[in-house]
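So you know, we letter chains A, B, ... as the sequences are listed, proteins then strands, and number each from 1. The basis for the numbers below is simple: all heavy atoms, side chains too, and nothing from hydrogens, waters or symmetry mates.
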Amino acid sequence: MASEEELLEEITSSEYKYGFVTDIESDKAPKGLNEDIIRFISAKKNEPEWMLDYRLKAYRIWKKMIEPEWAHLKYPKPDFQDIHYYSAPKPKKQLDSLDEVDPEMLATFEKLGISLDEQKRLTGVAVDFVMDSVSVATSFKEKLGELGIIFCSFSEAVQEHPELVKQYLGTVVPTSDNFYAALNSAVFTDGSFCYIPKGVRCPMELSTYFRINEANTGQFERTLVIADEGSYVSYLEGCTAPMRDENQLHAAVVELVALNNAEIKYSTIQNWYPGSKEGKGGIYNFVTKRGLCLENSKISWTQVETGSAVTWKYPGCVLKGDNSVGEFYSVAVTANHQQADTGSKMLHIGKNTKSTIISKGISAGQSNNSYRGLVKINKNATNSRNFTQCDSLLMGNNCGAHTFPYIEISNKSSKVEHEATTSKIGEDQIFYCKQRGMDEETAINLIVNGYCKEVLNQLPMEFAVEAQKLLEISLEGSVG
Amino acid sequence: MEQVIKPSIKEDFLRHFDFLDFSFDQEFYKNQRKEAKALIQNLDFPTSKTEYWKYTRLNKVLKGKYSFKELESTPYDLQGLAQNRLVFVNGYFSESLSKVNVGEGVYFAPLSQAKQENKELQNSFGKLYKQDEIFAVMNQAYHQDGAVLMVKKGKVVEEELLILNIIDGENIISQPRNLIHLSENAQAKVILKTIGYNSSASFTNMLTEVFVDTSANLEIAKIQEESKTAYQIATEQVKQEANSFFKINTFTFNGALVRNNLNIDLLGQHTESWLSGLYLLKEKQHVDNHTYVLHREPNCESNELYKGILDDQSTGVFNGKVFVHREAQKTNAYQSNANMLMTDDVTINSKPELEIYADDVKCSHGSTTGQLDEEALFYLRSRGIGYKTAMATLLKAFSADVIDQIGIESVQLEVEEFINKSFKGV
Amino acid sequence: MIEIKNLHASIDGTPILNGINLKVNAGEVHAIMGPNGSGKSTLSSVLAGRDEYEVTAGEVSFFGEDLLDMEPEDRAAAGLFLAFQYPVEIPGVSNVNFLKSAINEIRKKKGLDAISAKEFLQMVKEKSKLVELDGKLANRSVNEGFSGGEKKRNEIFQMAMLEPKLSILDETDSGLDIDALRIVANGVNELKTEENASIVITHYQRLLDYIVPDFVHVLYKGKIVKTGGKELALELEEKGYDWIKEETGVSA
């Protein structure tokens with residue numbers, strides 16, 4: 001009979017499936033960061049003056065900041081002067097269709113098991129593929145264009161829709177928000193931009209696949225999604241990254257703006273290289289994600305995270321408008337030596353605002369998984385509600401599961417409930433499954449999937465399937 | 001150019017202690033003070049950046065000008081108080097107000113006396129305080145008097161023992177220091193109470209070291225009722241050995257700023273700990289309860305329940321942390337914080353934390369915040385119950401599970417009485 | 001089918017079973033009765049393979065195989081089914097999903113292909129009628145929020161789905177009202193064939209009015225102290241267990 005130790009050994013020894021490197025000629029900025037590098041990036045991207053000013057201002061703020069220490073994380077601090085801040089595949093020519101895409105890149109897709117073509121046909125997903133920070137192909141553009149929906153790379157947006165970028169960039173995550181956000185604001189290379197016009201319901205899930213590809217290249221994505229009054233959009237972000245020995249820094253900023261009566265659903269699957277099972281290498285993931293909700297609007301974050309060596313991430317909502325709603329659903333799995341300090345921030349400013357936080361952590365191996373969340377209800381946010389539930393599941397006795405909620409309430413008519421539990425998978429449950437004929441692996445998968453169900457249910461169908469697969473891979477071998 | 005070197009807040013504050021006379025101390029205790037003074041050199045008062053003090057600002061407290069004031073007695077009415085009591089006024093022992101009549105095997109005396117006559121005290125005194133917490137270290141360096149309770153093996157103290165600190169006067173500073181040590185299988189119940197009488201703008205920094213040895217059973221009821229302009233920092237440092245039982249109920253009824261630090265270290269298996277608290281806040285009061293329960297060994301249970309009723313412009317802070325070591329399998333740890341907010345001008349900051357490294361555990365925490373059920377209030381009134389009574393009834397119902405935990409009858413009555421009278425009929 | 005010889009088992013060093021001998025053939029229904037603490041539930045747990053129990057002596061052969069050497073899931077695949085006295089709740093895992101996983105695992109072990117969705121749903125529909133299980137329950141999480149009666153009916157439903165060779169019903173009647181008891185018993189009776197067998201563990205005779213046993217065994221202090229026909233159950237109901245204690249000379 002496979003002992004629990006053996007099972008855990010196997011969970012923790014599951015090899016990273018997506019470890020391969022695509023060889024694309026790139027043109028890089030020299031290592032290091034200073035005002036000249038920022039000018040180089042800006043010039044390279046042919047940016048207008050105001051964009052350069054924004055970056056320089058952010059850089060000057062960043063220089064005065066110190067890297068935060070409060071998270072429950074231990075890792076060697078990255079050397080910010082030892083990073084290439086710009087690297088882009090050399091554009092060969094303007095692409096009109098997928099046929100013209102570098103075949104090597106298409107091959108990469110196949111290894112990932114995501115055929116762009118097939119996804120387009122079968123699921124109606126428009127895919128904007130980001131490879132080392134520069135968008136290469138954007139599909140379904142025309143169809144979206146008919147509805148007035150703008151879905152393009154961030155650089156393109158700066159060129160084509162400067163008025164929108166100027167109006168909203170940095171309004172949700174100001175440059176001075178935190179160390180990594182300031183860094184991103186100074187050096188971001190590309191990302192996605194999305195605008196849904198008034199009253200339009202985006203007919204398909206918008207999706208972007210990010211890949212970090214060049215060795216020693218920090219990845220600084222910038223995403224801005226604007227849902228104008230009464231519009232709706234569901235946005236998917238999915239990630240896999242190739243195997244690397246050195247730590248790679250990723251400091252993205254995602255800003256969502258939901259104007260009156262709008263709704264944004266933002267789903268993420270994150271499966272970056274978590275490092276070897278000895279804890280070597282892996283991605284550092286320091287991300288600032290935040291949404292601004294105006295009256296009667298709603299923003300919903302859903303994430304399934306199994307990757308990265310170190311994760312520092314607190315997607316949140318600023319519920320500024322009356323009756324606005326913020327939601328956060330998360331499954332975070334850590335195995336081997338992974339560390340995650342993640343959770344959500346819900347800031348209630350408007351009246352009758354509502355937020356829900358459902359966080360499910362699973363820790364295995366020698367990993368540490370912390371929930372850190374803030375629920376703040378301002379004095380004027382009367383009749384507001386928050387419900388928070390964070391559950392932790394421990395697999396094995398070398399990992400840690402922690403909960404650090406911050407609850408700040410300043411009016412009497414609001415109601416806040418926070419519940420948290422920590423437990424291990426019940427022996428009774430495993431035995432019950434076994435008695436019905438399942439082996440331990442199947443039993444654990446089944447129980448884990450059940451445990452995460454409230455979150456998985458929030459994902460769009462095709463994403464949910466992928467997420468389940470990912471959970472199985474991460475806890476795989478668990479069992480065999 | 002001439003430069004004026006301004007003394008830091010810390011240096012300024014420490015000047016309060018310049019004139020204290022500790023000549024009564026023996027060499028052992030003098031050395032302890034010396035060590036603590038050295039530690040202070042490397043410590044600073046918390047700022048807004050100090051996570052442990054995140055929601056409590058000390059500027060007002062630290063900029064105050066205080067003085068020590070020795071009084072032998074005070075007109076405060078002691079009638080009806082416990083028959084066994086050590087009474088201190090402004091941190092100084094009052095022989096005339098105290099009464100001690102304990103049996104054999106029980107040592108209950110002021111610290112100043114114990115230092116002289118009780119050799120055993122040296123085995124435990126100063127062993128538990130946290131050397132990186134400036135207020136604990138300050139107490140260690142400059143404490144005045146306080147109570148010492150030592151109960152011998154197997155001895156059961158039937159009657160409750162009262163340790164009472166009365167603050168009488170304006171801008172009084174005091175640093176009381178207590179020690180409670182129950183030997184194996186001993187039992188006792190202690191009331192630890194601070195009262196303000198004709199006092200204002202005082203600052204009290206109290207430290208209590210508590211040892212609960214194997215199979216011992218201790219209950220403490222801590223009552224804080226200083227003046228509404230008083231500042232208090234009170235720390236209990238508790239060590240529990242195997243199979244022991246410890247319960248502490250903290251009631252905060254008054255004070256401008258009250259900060260409680262309760263740290264429980266579980267060193268043996270099969271211990272049981274109960275922590276509860278009730279804070280009833282009015283006006284601009286600020287009460288901050290920090291608790292830390294450290295599970296080091298398997299099979300221990302801790303239960304925590306703190307409740308607060310916040311009125312006017314008051315602020316409540318709750319930060320409860322449960323830490324479960326890798327070895328502490330089969331730990332059961334429960335933590336709950338509930339707050340009832342009476343106005344839109346109150347603030348509550350609640351931070352229930354779990355840090356867990358063992359996998360076979362049952363740990364949970366919850367925090368709820370809401371308001372009085374207006375429907376229930378209306379229902380009671382429509383049945384002819386007056387507003388005040390209806391209010392008191394509902395608030396007592398809210399507080400009931402904390403009050404039920406009190407194992408000392410007189411304290412139970414006192415708490416209920418306080419709730420009854422504390423709600424003004426509008 | 002199953003032959004238990006001189007089975008001894010203990011938990012945390014305390015002996016519970018002290019030499020059980022029992023042989024069950026295909027087509028038979030055996031009832032095991034006994035007062036509280038006699039070892040009834042321990043017997044079912046040991047047979048199903050719960051690892052808290054340590055087998056200190058004896059052997060059990062199941063279709064000629066050494067049962068005690070098998071993993072719980074392999075015992076299940078070999079056709080042993082335990083209807084739990086306290087079925088556990090598995091939040092978030094739907095009943096159908098649970099059963100589908102179980103069936104496919106067992107089929108895999110037998111070298112069969114996974115069951116088709118259509119065939120499976122047909123089977124669910126058919127078998128749930130047997131125990132009058134509401135279709136909605138099939139889609140709810142395993143046992144979560146089920147009433148006591150629903151949980152027990154769900155156990156029999158699972159039994160119907162998995163078609164075991166030997167079913168052990170561990171105090172399936174405990175906490176059931178008469179209607180639920182009748183439904184559960186009908187289900188069990190419907191499933192009875194010449195090829196399968198059941199061991200019904202119970203404290204009371206009442207269940208045996210509905211599930212008529214071929215043999216009744218009395219378990220006391222970890223041993224079978226008396227064996228008889230179905231009339232033995234009635235006798236026990238009437239006289240209680242004390243006369244057994246006296247008759248067998250085992251002091252209480």
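Rounded to the nearest 0.5 angstrom, A/N398 CG and B/D359 CG are separated by 9.0 Å. Distance check, rounded to the nearest 0.5 Å: NZ of B/K351 to OG1 of A/T403 gives 12.0 Å.
With contacts defined as side-chain heavy-atom distances shorter than 4.5 Å, the pair A/S413/B/Q371 qualifies. Contact annotation: the side chain of A/E419 never approaches that of B/S367 to less than 4.5 Å [non-hydrogen atoms, C-beta and beyond]. Residues A/N368 and B/Y357 form a side-chain contact, since some pair of their non-hydrogen atoms from C-beta on lies under 4.5 Å apart.
Counting heavy-atom pairs closer than 4.5 Å to chain B, the top-ranked of the candidates A/T422, A/L394, A/T421 is A/T422. Per-residue heavy-atom pair counts under 4.5 Å with chain B were compared for A/V375, A/T388, A/N386, A/I409, and the maximum is reached by A/I409.
Among B/L372, B/D344, B/I348, the single residue meeting the side chain to side chain contact (heavy atoms under 4.5 Å, CB included) criterion with A/K412 is B/D344.
Of the two parts of A/S423, the backbone and the side chain both hold a non-hydrogen atom closer than 4.5 Å to a non-hydrogen atom of chain B. In this structure, no portion of A/S363 lies under 4.5 Å from any heavy atom of chain B.
Side-chain atoms of A/H402 come within 3.5 Å of backbone atoms of B/I356 as a donor-acceptor pair (strictly under, hydrogens ignored).
Within 6.0 Å of NZ on A/K345 lie no more than 12 heavy atoms contributed by other residues, nucleotides or ligands.
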